[in-house]
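Below, all heavy atoms of this structure are taken into account, side chains as well, without hydrogens, waters or symmetry copies. So that the names make sense, note that chain A is the first sequence line, chain B the second, and so on, each numbered from 1.
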Amino acid sequence: MSLLERLKSWIGPETRPQETPSAREGPPADRDELLDALRLVIDPELGIDIVSMGLVRRITIEGALARVEMTLTTPGCPVGPMLVSEVEETVRRCGLEPDLTLSFDPPWSPADISPEGRERVR
Amino acid sequence: MIASRDTLAPPARVIGPLLAGALFEAVAAGIALLPGTLEPGWYGRGALLRAVHALTLGALALSITGAGWQLVPVIAVRPLSARHAPMVNASLIVGILALLTGFGLPGSALGHLGAGLVVGALALRSLTVLPALVRASGRRAARAWVLGGELALWAGLGWGLALWSGRSGHPLLADPVAGIARHASLLLVGWVGGWIIGTGSLLLPMFAVAGEPDPRWMGGAALCWGAGLALGLPALWAIGLVAGALGLVAVLARGARRGPALAQAGLGLLGVLVACALAAIPGVSGETALTVGLVLGAAPLLRGVAQRIVPFFAWTWAHGDRLRGAPPISTLTQTGWQWAQLALGLAGGAVLILGRLSGRESLARLGALLWLAAALTQLRILTRALLIAIRDRIRGQALAGTERT
């Protein structure tokens with residue numbers, strides 16, 4: 001096997017599932033349903049969902065608009081843009097239009113993680 | 001303020017210096033292996049001087065610089081324009097290489113070039129990070145440590161330049177040995193210590209999933225430490241540094257998460273504590289305290305931090321375009337190798353110090369060999385994480401290309 005073939009073999013194919021969950025059918029989600037949907041957004045560093053992490057601070061549904069106030073572990077969090085984009089996508093899949101705001105006051109701390117979340121981190 | 005992709009430091013600016021730092025640590029260990037390097041005696045000799053500076057400038061300074069591009073915006077809670085970061089990083093690496101070579105050739109142009117590049121790079125770095133830190137509000141304790149560290153950096157470099165002038169045939173100091181002590185304490189206890197405690201008070205709680213240390217405790221410790229350095233009182237800075245390190249050890253102890261990287265950082269903090277204690281004990285030489293502080297303190301602590309930071313940034317770079325379905329960050333690390341690296345580093349450091357204390361050079365060189373193995377293992381750990389991230393990114397981009405066609 002040539003070096004290039006070995007390299008291609010090592011790289012291999014993409015293994016991630018490529019399909020995204022389909023958009024919701026029927027009426028838009030309510031607050032609790034949206035919160036449940038956001039539990040599927042996982043922070044890659046800690047491996048727990050952003051709701052258990054305490055990153056979702058407030059959700060308000062006004063008709064078809066979902067106002068979500070959230071925070072990040074730090075303002076400079078490298079995965080921040082990814083999480084924000086994932087939250088917006090999740091809100092849209094729930095049949096709602098996202099209005100996302102980020103707040104860092106007060107700053108997030110590990111004390112904001114729920115007890116169940118802390119158990120999963122161990 | 002949201003951290004957008006434009007304001008974040010791209011991974012290379014952070015990862016590059018951390019990788020280079022790991023390489024320089026291996027160089028330091030390699031030099032320590034050379035016959036005669038570890039004979040009992042002061043650090044003023046050529047080979048040992050190179051080994052010490054490969055570790056301090058090469059490994060520690062580069063690690064602090066690289067991590068700083070990411071951490072300064074976090075401490076300051078404001079973006080940092082890091083457009084000079086590539087120039088700073090490159091100048092530092094080239095300058096350190098030239099300086100290490102120049103240590104064996106007093107008065108050489110290469111050494112002068114190296115010193116100039118290192119000082120210039122650090123100046124540009126300070127001019128970039130200081131305004132952000134000074135203008136920030138909040139996180140006072142962490143900023144106090146880091147700002148104090150930056151002041152100590154320039155005071156320490158001043159002593160360093162005076163010593164360099166002496167080596168080049170133009171002595172400026174009546175007592176070079178005292179000058180070495182001031183140079184070492186300001187840079188290691190001051191700059192390195194300030195950055196470790198200051199940034200550690202933010203990083204370690206996140207890594208360990210624990211509450212942040214008491215800001216009043218950390219602020220009081222910073223005051224002691226800073227006053228001790230400014231007044232040249234080792235007992236005072238030792239108390240401050242011990243208090244700061246204890247604050248961080250407490251964070252790790254109550255953290256929800258464990259693992260080899262955090263264990264290594266914790267052991268490094270304990271090494272700093274031991275070094276401070278040794279520095280305060282009459283009759284214990286400054287050499288011993290310095291060696292413990294470097295080899296069993298600062299070095300393992302920064303290795304543990306690099307083992308968290310490098311895979312994290314590499315993973316973010318590889319999967320930044322799509323979070324859903326991305327493999328966990330743990331796919332970039334191998335716990336077994338991390339534990340092995342920790343054990344080798346600990347054993348190597350301990351045996352090396354034992355050898356120097358007992359005057360047995362062969363024992364010290366055995367320690368250096370184990371330390372070299374630890375440094376090479378660290379390189380393997382970091383490089384593997386990068387290679388896997390590169391592979392994942394290629395896979396993702398190849399698939400994206402297929403979808404577009």
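At least one side-chain heavy atom of R139(B) sits under 4.5 Å from a side-chain heavy atom of P107(A).
Of all heavy-atom pairs spanning P44(A) and I329(B), the tightest one is O-CD1, 3.5 Å. Between M82(A) and H319(B), the closest heavy-atom pair is CE-O, 3.3 Å.
When each of L46(A), I113(A), T73(A) is scored by its heavy-atom pairs under 4.5 Å with chain B, the top score falls to L46(A). Contact count versus chain A (heavy atoms, under 4.5 Å) is highest, among A210(B), P328(B), P205(B), G211(B), for A210(B).
Qualifying side-chain contact (heavy atoms from CB on, under 4.5 Å) partners for D112(A), counting only residues two or more places apart in sequence or in other chains: R57(A), W108(A), S109(A).
In this structure, chain B has no heavy atom under 4.5 Å from any part of T71(A). Both the backbone and the side chain of L387(B) come within contact range of chain A, with heavy atoms under 4.5 Å apart. Looking at W317(B), neither its backbone nor its side chain comes within 4.5 Å of chain A, counting heavy atoms on both sides.
Crowding of R58(A) atom CZ: a count of heavy atoms from other residues, nucleotides or ligands under 6.0 Å not exceeding 12. The local environment of CZ in R254(B) is crowded, with over 12 non-hydrogen atoms from other residues, nucleotides or ligands closer than 6.0 Å.
Screening residues 127-146 of chain B for ring pair (Phe, Tyr, Trp, His ring centres under 6.0 Å), with sequence neighbours left out, gives W145(B)-W225(B).
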